[in-house]
Visitor: 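Sharing a structure below in structure tokens format, with a few things to ask.
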Amino acid sequence: MFKKYWVFSLLLILTLLGKSFAAEKPLRINGSTTVNPVVTEAAEILSQRWQRPIYVDTQGGSSGGISSIGDHLIDIGMISKPLSEKDRKRYPKIDFVVTQIGTDALALVVNKDVVEGGVKALSKEEVKAIYEKKITNWKEVGGKDQAIFFYNKEPGRGTWEVFAKWVYTKIKLVPPVSHAEVGGNEEARTKVGTTPGSITQLSASWAQEGGSIVALGIKLDDGSVIYPTKKNIKERLYPLVRPLNLITNKTPEGINKDFINYVLSDEGQQLVKKHGYMSLNEF
Amino acid sequence: MNNNVLISLRNVSVFAKKKQLLSPVSFDVVPNTIHSLMGPSGVGKSTLLKCINRLTDLQPELRVEGEIWYRNKNILSPRTNVENIRKKIGMVFQAPVIFPGSIEKNVLFGIKRMAPEKKKDFPEILEMSLREAALWDEVKDRLKDRAHLLSVGQKQRLSIARVLALRPEIILLDEPTSALDPRSTELIENLFVSLKKAHTLILVTHDKSQTEGICDSCIEFTWENGVGKMNEIQAACGTSCEEPTLTLAPKLETI
Amino acid sequence: MIRKASFFFSFLCLIFFSAIVIFLFTESLPIWKSEGASFFSRKLWYYRNESFGLLAMVFGTVWVSILALGIAAPIGLGTAIYISEYSGGKARLFLKVLVELLAGVPSVVYGLLGVLVLRGWIRQTFSLQSGDTLLTAGILLAIMILPTLVSLSEDALQGVPRRYREASRAMGLTKVQAIIYTLLPSAKTGLISSGLLALGRALGETIAVFLVIGRADNRLPKTLFSLKPLVEAGQTLTSKLGGSEVNLAYGDPLHWGAICGAALVLLSMALVAYIIGELLIFQAPER
Amino acid sequence: MLDKLLNRLLPIVCFVCTLLTFLLLVGVISYVFSRGFSALSWEFLSTPTKEAGSAGGILYQILGTLILGFGTTIFVSPLAYGYALIHSFFLKSGKRKRLMSVFIYSLNGFPSIIFGIFGFFLFVKFLGWGKSWLAGGILLALVSLPTVTVAIIERIKEIPSLHKEAAYAMGFNGEKVAWSVIIPQSLGGYFTGLFLGLARAIGETAPILFTATVFAGATLPTGVSQSPVLSLPYHLFVLAQDSYNPQALTNGWGAALVLIGIVFTLSFLALPARMIVHQKAKNDE
């Protein structure tokens with residue numbers, strides 16, 4: 001009895017503490033590591049300019065952004081995929097508003113020795129077979145005799161969902177597989193770069209930077225091969241393209257609106273380009 | 001050297017680094033006697049005792065000078081095989097040392113490692129040592145029990161039995177009864193007298209009546225300028241000493 | 001006043017920690033209701049199909065911890081023996097303090113080293129395709145628990161009174177014999193307990209393991225004693241709990257229940273190792 | 001025969017083990033040092049992060065870590081002192097005392113990620129604080145609680161009973177004895193424990209992962225709820241996964257070095273007391 005009363009008063013104190021000492025309203029952003037570099041830099045500039053705190057975090061990737069908006073924990077979510085109906089259904093009380101700030105191509109990225117072994121592109125069927133471990137050696141798709149090591153993006157990452165929708169059309173249809181997982185983009189890049197014969201799903205812009213990893217092309221049904229080059233993306237030849245979005249609850253107002261408008265402005269769009277993504281007027 | 005002397009200390013002194021702890025000590029020990037070392041605590045009696053089986057080696061900060069002759073060998077010589085010497089010169093400590101395990105294991109602890117070839121004799125050695133230590137009747141039915149369950153007095157006799165199992169010629173006793181009650185002390189003192197028949201005992205003690213009661217000769221140590229110093233041998237009533245109390249007491253009084 | 005305040009604050013300690021246990025239990029109720037004991041035996045964890053099984057993670061946790069202890073214990077014991085028996089005075093003090101200092105290196109630093117150094121080394125040494133393996137996590141953990149292990153084992157050896165060493169030396173045993181036949185048996189409880197405490201730490205370590213284990217779900221060997229999983233990626237309870245699923249799970253009672261259930265299982269495993277270890281210290285034989 | 005072999009081998013084996021242990025551990029430190037040293041400069045320590053870790057310094061990561069340490073101190077101090085006083089002074093019954101001992105020691109066995117999950121539920125979601133430095137402080141206080149408490153308990157045990165008796169003999173009651181004898185004489189233990197506990201808590205990532213820190217943008221907290229901080233361990237954790245150029249990684253190693261520096265400084269502060277304990281262990285034989 002006595003204990004219960006204590007627990008109750010303790011909770012009360014802690015709640016009051018939180019309520020009465022809430023910080024001056026900061027701008028809180030969380031979500032995809034793909035969108036993060038752009039937003040973090042924008043936030044650095046704006047928090048200087050406006051003299052107010054802007055927190056940026058990348059916990060849980062795109063799904064983390066959506067669920068944090070759903071729980072009213074943040075003001076703006078970063079997601080590197082289209083917002084799905086399922087996402088909306090999960091938070092019926094939230095009026096998600098999506099603002100696209102750029103476009104990114106998603107590539108299948110391999111360690112450079114795979115390309116040196118002769119594999120330059122994969123078809124959707126081959127990718128599916130690799131993902132399901134039906135193909136486990138690069139020689140089965142025209143490469144050298146080398147085992148395939150698949151680094152899967154961890155659950156909740158926008159990259160993974162875009163990939164899964166492309167291969168399986170519905171996320172429900174993806175079979176459970178057991179691959180090693182990677183979280184952020186850099187982790188994916190480091191691990192693929194240091195693991196011979198490995199492959200992962202990664203934003204194409206991250207692949208172009210380093211030398212140890214290479215983005216594969218995609219073999220289309222008619223036999224032609226399309227690489228994730230700027231030109232191919234612009235002309236909508238490359239199939240694996242995804243929007244980079246900022247999401248808010250209700251139509252953005254006040255500081256939320258100001259922030260999003262900045263990213264949409266010429267200055268903000270330069271940041272999108274700087275990090276290797278396609279700005280809105282490019283696509 | 002006198003044939004009747006078993007151990008002979010010649011100018012043995014002890015240093016800790018630069019500081020002298022004990023001025024040179026010389027005395028002889030005759031076989032089948034109990035020889036006692038007495039004096040205030042800290043004066044260096046125990047250290048001297050440890051010199052005799054080179055246990056001082058364990059404290060690298062100590063340096064021992066002089067000679068200790070035993071069977072035509074100088075114990076303190078660096079060439080001496082320490083392990084063999086220690087097998088012949090057993091030691092019993094102030095507080096009983098009981099190793100984890102059964103009573104039997106404790107008695108055979110040393111012999112198992114020092115003379116493993118005698119394995120078939122172990123049961124015999126076990127019984128003999130326990131009998132000699134006057135413990136056999138109390139523990140013969142529970143040799144496999146944990147030794148930690150024994151009383152303190154029994155533990156000390158067990159420690160003695162463990163030393164006896166190695167058949168030592170000399171037994172060094174470092175205040176062996178100071179942790180015990182009067183009843184156990186008396187039992188162990190009687191034990192020492194009976195051990196004299198086959199062994200030679202060197203005993204460090206604070207208890208004057210103990211010296212008077214069971215010892216054949218006694219050396220007193222005193223302080224001199226912060227250094228331990230041996231006084232002359234006070235009493236040697238020899239092996240024929242039937243009533244040591246009577247012969248020794250007056251002489252000790254004169255110190 | 002101070003008496004009342006002290007009672008208040010120690011009650012607060014009790015409340016906080018019992019709250020954690022109660023929270024884990026109540027929040028994980030949905031998974032116990034829907035899965036029951038099969039939560040432990042089910043091989044598949046795939047939250048999109050609402051399939052929650054811990055077997056592969058428990059397997060990974062146990063393997064990684066055993067590896068860590070198996071590597072660290074002999075080295076740690078040797079080091080402890082050396083510090084306690086072969087180094088004297090100032091040298092001993094210096095080594096001891098150095099060990100305690102090194103025990104404080106944060107686990108995220110080990111994680112960083114694991115990602116950038118150890119992974120590559122493992123890959124080359126064992127000529128593997130990828131360096132993300134249970135073995136990598138095990139070795140990294142072994143290095144991490146080594147200082148704790150050395151420090152505690154040295155305490156245990158130091159706790160054996162000098163007269164034990166003297167008594168066995170006085171019988172003519174060599175130094176090594178005295179160590180093997182006297183010192184180690186006398187310090188046995190203390191040594192086992194230091195092993196268990198280190199095991200407790202290994203079981204609960206999150207960040208470093210997270211970064212090098214590969215986080216591959218549902219990896220189980222075909223036969224129980226197959227060593228192959230050691231050089232493959234895997235998952236532990238902690239690497240699951242430190243990952244993105246915690247954020248995803250909140251709001252979905254079953255998924256969140258599974259996460260809390262996994263946390264409860266982890267807590268029980270670590271606490272069992274730890275409490276047995278502590279009890280052994282308390283009940284060390286009288287000397 | 002076996003014994004003879006062991007006689008020769010054991011010292012060598014033990015020495016090799018020792019060498020291995022220290023080479024490994026010193027190797028870890030010197031590796032971090034060699035990689036991170038080039039990043040260190042006054043500017044690195046005194047400017048905020050720019051471009052997500054690739055440029056600028058780690059000012060707010062350091063300050064955030066110190067703030068978390070401050071929060072930890074505030075919460076752990078009364079908890080640990082209260083617990084220690086009850087355990088070693090106010091409580092007379094042996095059984096309850098034993099229970100309290102087992103409890104406080106077993107807290108050490110709590111995996112730190114458990115605190116993280118609990119904090120995520122209680123502070124972030126249930127109380128609606130969002131990420132907050134205070135939540136981090138409270139959770140890290142729980143992490144360091146056993147260390148601090150045990151250190152105080154050990155010190156109280158060492159207070160000679162004569163001192164207590166003398167105080168009682170002057171007519172003091174328990175309260176006054178606590179104030180005049182127990183607390184002043186156990187302060188040394190408290191500080192030693194606090195430094196060691198903080199050294200452990202400050203390096204922890206798992207408890208603050210979901211509860212107290214963000215990757216970028218936070219400066220100094222102005223309130224309790226919605227007031228995250230940046231921190232060195234979390235910064236490292238994110239950079240280990242998400243740093244997107246080599247300079248960010250070099251800066252990451254620099255941050256690792258600073259973190260180790262803070263932890264070692266705290267351990268050093270506890271050093272004199274630890275030395276005495278070790279020396280005593282040797283003399284007690």
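Chain A is the first sequence line, chain B the second, and so forth, proteins listed ahead of strands; every chain is numbered from 1. What's counted below: heavy atoms across the whole structure, side chains too, no hydrogens, waters or symmetry copies.
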Visitor: Would a 4.5 Å heavy-atom cut-off, applied to side chains only, mark D:Ile260 and D:Phe33 as touching?
Guide: no
Visitor: Just so I understand: if I count every heavy-atom pair under 4.5 Å between each of C:Val246, C:Leu266, C:Val115 and chain D, which residue has the most?
Guide: C:Val246
Visitor: Looking at D:Thr65, D:Leu239, D:Leu68, D:Leu209, which one forms a side-chain contact (heavy atoms from CB on, under 4.5 Å) with D:Tyr234?
Guide: D:Leu209
Visitor: Does any backbone or side-chain atom of D:Phe118 lie under 4.5 Å from a heavy atom of chain C? Answer side chain, backbone, both or neither.
Guide: both
Visitor: Go through the atoms of C:Glu27 and report whether side chain, backbone, both or neither lie under 4.5 Å from a heavy atom of chain D.
Guide: side chain
Visitor: What part of C:Leu77 lies closer than 4.5 angstrom to a heavy atom of chain D: side chain, backbone, both or neither?
Guide: neither
Visitor: C:Leu280 and C:Ser193: which non-hydrogen atoms are nearest, and at how many Å?
Guide: CB-CB, 3.8 Å
Visitor: Could you look at C:Leu197 and say if it's the side chain, the backbone, both or neither that has a heavy atom under 4.5 Å from chain D?
Guide: neither
Visitor: Any Lys/Arg nitrogen of C:Lys240 or C:Glu245 sitting under 4.0 Å from an Asp/Glu carboxylate oxygen of the other?
Guide: yes
Visitor: Examine whether an atom of C:Phe210 lies under 4.5 Å from a heavy atom of chain D, and if so say whether it belongs to the side chain, the backbone or both; otherwise answer neither.
Guide: side chain
Visitor: Heavy-atom distance under 4.5 Å to chain C: side chain of D:Tyr105, backbone, both or neither?
Guide: both
Visitor: Pick one of side chain, backbone, both or neither for D:Leu266, based on which atoms fall under 4.5 Å of a heavy atom in chain C.
Guide: neither
Visitor: Please flag which part of D:Ala206 lies under 4.5 Å from any non-hydrogen atom of chain C: side chain, backbone, both or neither.
Guide: both
Visitor: Compare every heavy atom of D:Met100 with every heavy atom of D:His87, then report the nearest pair and how far apart it is.
Guide: CD2-CB, 3.8 Å
Visitor: Can you name the one residue among C:Lys175, C:Arg92, C:Arg169, C:Arg165 that meets salt bridge (charged side-chain N to carboxylate O under 4.0 Å, His left out) with C:Glu85?
Guide: C:Arg165
Visitor: Counting heavy-atom pairs closer than 4.5 Å to chain D, which one of C:Ile275, C:Thr174, C:Val109, C:Leu112 comes out on top?
Guide: C:Leu112
Visitor: Report which part of D:Ile29 has an atom under 4.5 Å of a heavy atom belonging to chain C: side chain, backbone, both, or neither.
Guide: side chain
Visitor: Out of D:Ser106, D:Ser267, D:Ala80, which one racks up the most heavy-atom pairs below 4.5 Å with chain C?
Guide: D:Ser106
Visitor: Could you report the tightest heavy-atom contact between C:Ile145 and C:Ala198, atom names first, then the distance?
Guide: CG2-O, 3.9 Å
Visitor: At a heavy-atom distance under 4.5 Å, which candidate from C:Phe16, C:Phe8, C:Tyr86, C:Tyr274 has the highest pair count against chain D?
Guide: C:Tyr274
Visitor: Measure distances from C:Ala19 to the heavy atoms of chain D and classify the residue's part below 4.5 Å as side chain, backbone, both or neither.
Guide: both
Visitor: Return the option, out of D:Ile104, D:Ile183, D:Ile117, with the maximum number of heavy-atom pairs under 4.5 Å with chain C.
Guide: D:Ile117
Visitor: For residues D:Ile262 and D:Leu232, determine if any side-chain heavy atom of one lies less than 4.5 Å from a side-chain heavy atom of the other.
Guide: yes
Visitor: So D:Ile152 and D:Val148, do their side chains get closer than 4.5 Å, heavy atoms only?
Guide: yes
Visitor: Using non-hydrogen atoms only, which part of C:Ala5 is less than 4.5 Å away from chain D: side chain, backbone, both, or neither?
Guide: neither
Visitor: Once rounded to the nearest 0.5 Å, what's the spacing between atom CD of C:Glu154 and atom OG of C:Ser194?
Guide: 11.0 Å
Visitor: Please look at D:Leu24 and chain C and tell me whether the side chain, the backbone, both or neither of the residue comes under 4.5 angstrom of a heavy atom of that chain.
Guide: side chain
Visitor: Between D:Leu140 and D:Pro207, is any pair of side-chain heavy atoms under 4.5 Å apart?
Guide: yes
Visitor: What's the separation between atom CG in D:Leu122 and atom OG1 in D:Thr211, rounded to the nearest 0.5 Å?
Guide: 10.5 Å
Visitor: Would you mind checking which part of C:Arg201 comes under 4.5 Å of any heavy atom in chain D, side chain (CB onward), backbone (N, CA, C, O), both or neither?
Guide: neither
Visitor: Hey, does C:Phe17 have a side-chain heavy atom less than 4.5 Å from the side chain of D:Leu145?
Guide: yes
Visitor: Does any backbone or side-chain atom of C:Phe23 lie under 4.5 Å from a heavy atom of chain D? Answer side chain, backbone, both or neither.
Guide: side chain
Visitor: Quick one: does D:Phe210's side chain get under 4.5 Å of D:Val124's, heavy atoms only?
Guide: no
Visitor: Which answer fits C:Phe94, side chain, backbone, both or neither, if we ask what part of it has an atom under 4.5 Å from a heavy atom of chain D?
Guide: neither
Visitor: Examine whether an atom of C:Met1 lies under 4.5 Å from a heavy atom of chain D, and if so say whether it belongs to the side chain, the backbone or both; otherwise answer neither.
Guide: both
Visitor: Name the region of C:Ile2, side chain, backbone, both or neither, that has any atom closer than 4.5 Å to a heavy atom of chain D.
Guide: both
Visitor: Among D:Leu85, D:Val263, D:Leu79, which residue forms the greatest number of heavy-atom pairs with chain C at distances under 4.5 Å?
Guide: D:Leu79
Visitor: Against chain C, work out which of D:Trp179, D:Phe268, D:Phe90 has the most heavy-atom pairs shorter than 4.5 Å and name it.
Guide: D:Phe90
Visitor: Would you call C:Tyr82 and D:Cys17 a side-chain contact if the rule is heavy atoms closer than 4.5 Å?
Guide: no
Visitor: Is the shortest side-chain heavy-atom distance between D:Ile156 and D:Ile182 below 4.5 Å?
Guide: yes
Visitor: Report which part of C:Val117 has an atom under 4.5 Å of a heavy atom belonging to chain D: side chain, backbone, both, or neither.
Guide: side chain
Visitor: Could you tell me which portion of D:Val13 (side chain, backbone, both or neither) has an atom closer than 4.5 angstrom to a non-hydrogen atom of chain C?
Guide: neither
Visitor: Taking C:Leu146, C:Leu267, C:Ile81, C:Leu12 one by one, which has the highest count of heavy-atom pairs under 4.5 Å against chain D?
Guide: C:Leu267
Visitor: Between C:Leu95 and chain D, with a heavy-atom cut-off of 4.5 Å, which part of the residue counts as in contact: side chain, backbone, both or neither?
Guide: both
Visitor: Select, from D:Phe115, D:Phe89, D:Phe120, D:Tyr81, the one with the greatest count of heavy-atom pairs under 4.5 Å involving chain C.
Guide: D:Phe120
Visitor: Using the side-chain hydrogen bond (donor to acceptor under 3.5 Å, both in side chains) definition, which of the options D:Ser112, D:Ser144, D:Ser231 pairs with D:Glu204?
Guide: D:Ser112
Visitor: Would you mind checking which part of D:Leu236 comes under 4.5 Å of any heavy atom in chain C, side chain (CB onward), backbone (N, CA, C, O), both or neither?
Guide: both
Visitor: Tell me which of these, C:Leu211, C:Ile179, C:Leu203, C:Val150, has more heavy-atom pairs under 4.5 Å with chain D than the rest.
Guide: C:Leu211
Visitor: Calculate, to the nearest 0.5 Å, the distance between atoms CD1 and OG belonging to D:Ile153 and D:Ser88 respectively.
Guide: 4.5 Å
Visitor: At a heavy-atom separation under 4.5 Å, does C:Phe9 approach chain D through its side chain, its backbone, both, or neither?
Guide: both
